[in-house]
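In what follows, residues are counted from 1 in the order of the sequence shown. Atoms within a ligand are numbered from 1 in the order they appear, just like the ligands themselves. Note: hydrogens, waters and symmetry copies are ignored here, and every other heavy atom, side chains too, is used.
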Amino acid sequence: MVNRIRKAVMPVAGLGTRFLPATKAVPKEMLTIVDRPVIQYVVDEAKEAGIEHIVFVTGRGKSTIEDHFDIQPELEETLKSRGKNAELEILAADLPPAGGVSFTRQQAPLGLGHAIWCAREIVGDEAFAVLLPDMLMRSKPGCLSQMVSAYEKHGGNVIALEETVPEMVHKYGIVALGAEDETGVEITGMVEKPKKEDAPSNFYISGRYILQPEIFSLLEKTTPGAGGEIQLTDGMKALAETQRFTGVRFTGTTFDCGAKAGFLAANVAFGMEREDIADDFKAELKKLGPDWLKGLVS
Ligand code: UTP
């Protein structure tokens with residue numbers, strides 16, 4: 001029997017340089033997919049997987065994330081006095097329970113591994129999840145729920161996997177694969193951003209992890225790797241020397257909302273799925289004309 005995964009870490013201290021100038025004053029995690037911040041969708045995925053406490057690792061200029069997960073008394077009073085009950089319900093549904101979120105600061109963006117390490121005191125000595133909040137992973141059940149099932153069977157550490165083409169492996173943390181069962185595949189090796197000829201597979205580590213707390217002491221010892229940043233993959237490689245890692249092949253759709261194209265595609269996909277606006281949205285898109293549509297399917 002493994003212990004339940006109760007806590008999730010969401011690192012939000014990155015600079016979001018791929019999305020400048022939008023991210024000069026607005027955190028990229030607060031950019032909206034239809035009418036909800038990207039991060040709200042990822043929090044929903046965590047809640048669905050049974051997460052009770054979310055630790056946000058923030059940095060300067062990210063205070064709107066804290067405000068988003070708090071009450072807004074003036075706004076709520078105004079909505080109440082105007083009888084806007086539907087809007088009040090929307091706000092209430094997204095509000096975390098009191099004490100259900102914590103914030104800690106990464107004082108300098110030294111890398112994803114360093115950001116996770118900054119959560120060590122709040123996570124403590126228990127296995128925990130990590131969700132990258134700019135990766136929208138759309139599936140039913142959610143990606144983290146699928147990973148929790150693998151964790152309940154195999155224990156240890158679990159990572160989400162997606163497949164790419166050989167020409168793109170140099171952008172990702174790539175894994176070597178071992179024995180597989182219906183819940184997941186054993187990871188036998190990891191390499192960060194390999195050359196095409198050195199990659200052990202085309203499967204890369206995507207934006208979701210379940211990690212054992214021993215990762216923290218290993219991250220503390222990890223020196224800056226690719227890009228001069230403290231890489232989570234390097235800490236995981238050290239952990240894999242003594243603990244099992246299981247990969248879950250994610251079969252849904254992932255939108256990298258930290259990149260412009262992924263963000264725009266997510267807005268189209270989620271907009272089309274929203275009953276309240278889908279018809280209007282399609283009508284707007286049709287205004288672009290048949291040539292635009294042809295360009296999309298050719
Ligand atoms: P990214 O590399 O996608 O985020 O990191 P970034 O650095 O903000 O983006 P660009 O490349 O400059 O556009 C993945 C996640 O890890 C967090 C980011 O906020 C993002 O959610 N992160 C990254 C940190 O919290 N701290 C870091 O030092 C680096």
Side-chain angles (χ1 to χ4, degrees), residues 7-33 36-46 51 54-66 68-69 101-123 128-137 143-144 159-160 162 164 168 170-173 192-193 204-209 211 215-216 219-220 222-236 250 254-266:
K7 295 182 184 170
V9 177
M10 291 196 193
V12 294
L15 299 178
T17 54
R18 284 169 296 162
F19 234 118
L20 285 168
T23 46
K24 187 176 170 193
V26 179
K28 69 174 169 183
E29 299 81 7
M30 289 302 290
L31 298 175
T32 52
I33 304 299
R36 310 176 80 217
V38 176
I39 198 163
Q40 186 69 61
Y41 293 86
V42 184
V43 166
D44 289 351
E45 182 192 326
I51 297 296
I54 295 181
V55 185
F56 293 101
V57 181
T58 73
R60 280 178 296 286
K62 301 276 181 167
S63 55
T64 52
I65 298 178
E66 293 184 42
H68 179 75
F69 291 105
V101 288
S102 299
F103 296 87
T104 186
R105 283 228 177 179
Q106 184 191 26
Q107 289 146 335
L110 300 179
L112 177 59
H114 182 261
I116 303 305
W117 178 75
C118 289
R120 67 197 180 284
E121 295 293 343
I122 305 177
V123 171
F128 63 103
V130 173
L131 297 96
L132 300 193
D134 52 354
M135 301 291 278
L136 249 187
M137 300 179 77
C143 184
L144 190 62
I159 50 182
E162 291 190 71
T164 184
M168 299 294 277
H170 66 279
K171 292 184 143 207
Y172 299 107
E192 184 66 26
K193 301 187 171 66
Y204 64 93
I205 305 167
S206 199
R208 306 287 184 265
Y209 314 75
L211 297 169
I215 190 76
F216 291 124
L219 285 172
E220 191 160 348
T222 304
T223 49
E229 297 193 333
I230 296 174
Q231 298 287 350
L232 181 58
T233 309
D234 290 338
M236 292 197 301
F250 178 63
T254 299
F255 300 98
D256 178 2
C257 293
K260 296 176 200 59
F263 172 78
L264 293 170

Taking the side chain from [X] and the backbone from [Y], do they hold a donor-acceptor pair closer than 3.5 Å?
{"X": "Arg208", "Y": "Ile159", "result": "no"}
{"X": "Lys7", "Y": "Phe128", "result": "no"}
{"X": "Glu229", "Y": "His114", "result": "no"}
{"X": "Tyr172", "Y": "Glu162", "result": "no"}

When rounded to the nearest 0.5 angstrom, what distance separates [atom1] in [X] from [atom2] in [Y]?
{"X": "Thr233", "Y": "Leu112", "atom1": "OG1", "atom2": "CG", "answer": "7.5 Å"}
{"X": "Ile215", "Y": "Arg120", "atom1": "CD1", "atom2": "CZ", "answer": "13.5 Å"}
{"X": "Phe255", "Y": "Ile33", "atom1": "CZ", "atom2": "CD1", "answer": "8.5 Å"}
{"X": "Leu131", "Y": "Ile54", "atom1": "CG", "atom2": "CD1", "answer": "7.5 Å"}
{"X": "Phe103", "Y": "Lys62", "atom1": "CZ", "atom2": "NZ", "answer": "12.5 Å"}
{"X": "Leu136", "Y": "Gln40", "atom1": "CG", "atom2": "CD", "answer": "11.5 Å"}

Could you list which atoms of ligand 1 come closer than 4.0 Å to a heavy atom of [X]?
{"X": "Leu110", "value": "28 (O)"}
{"X": "Thr17", "value": "10 (P), 11 (O), 12 (O), 13 (O)"}
{"X": "Pro109", "value": "28 (O)"}
{"X": "Val12", "value": "19 (O), 25 (O)"}
{"X": "Ala115", "value": "24 (C), 25 (O), 26 (N)"}
{"X": "Pro133", "value": "21 (O)"}
{"X": "Glu29", "value": "19 (O), 21 (O)"}

Out of curiosity, is Lys28 lining ligand 1, as in a heavy atom under 4.0 Å away?
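Judged by the 4.0 Å heavy-atom criterion, Lys28 does count as contacting ligand 1.
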Strictly less than 4.0 Å: does any protein heavy-atom distance to atom 26 (N) of ligand 1 fall in that range?
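Yes.
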Among all protein heavy atoms, pick the one closest to [atom] and tell me residue, atom and distance.
{"atom": "atom 17 (C) of ligand 1", "result": "Pro11 O, 3.6 Å"}
{"atom": "atom 28 (O) of ligand 1", "result": "Gly111 N, 2.7 Å"}
{"atom": "atom 16 (O) of ligand 1", "result": "Leu112 CD1, 3.6 Å"}
{"atom": "atom 24 (C) of ligand 1", "result": "Gly14 N, 3.4 Å"}
{"atom": "atom 8 (O) of ligand 1", "result": "Gly16 N, 2.8 Å"}
{"atom": "atom 11 (O) of ligand 1", "result": "Arg18 NE, 3.1 Å"}

Looking only at distances, can you tell me whether any N or O atom of Gly258, backbone or side chain, sits closer than 3.5 Å to an N or O atom of ligand 1?
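The answer is no, given that Gly258 and ligand 1 share no N or O pair closer than 3.5 Å.
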Would you check whether Leu15 has a nitrogen or oxygen atom less than 3.5 angstrom from a nitrogen or oxygen atom of ligand 1?
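Among all N and O atoms of Leu15, at least one is under 3.5 Å from an N or O of ligand 1.
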Candidates Ile205, Thr222, Leu219 - the one meeting side-chain contact (heavy atoms from CB on, under 4.5 Å) with Leu232
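Only one of Ile205, Thr222, Leu219 forms a side-chain contact (heavy atoms from CB on, under 4.5 Å) with Leu232, namely Leu219.
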Tell me the contacting part of Gln106 for ligand 1: side chain, backbone, both, or neither, using a 4.0 Å heavy-atom threshold, strictly below.
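Under 4.0 Å from ligand 1, Gln106 contributes side-chain atoms alone.
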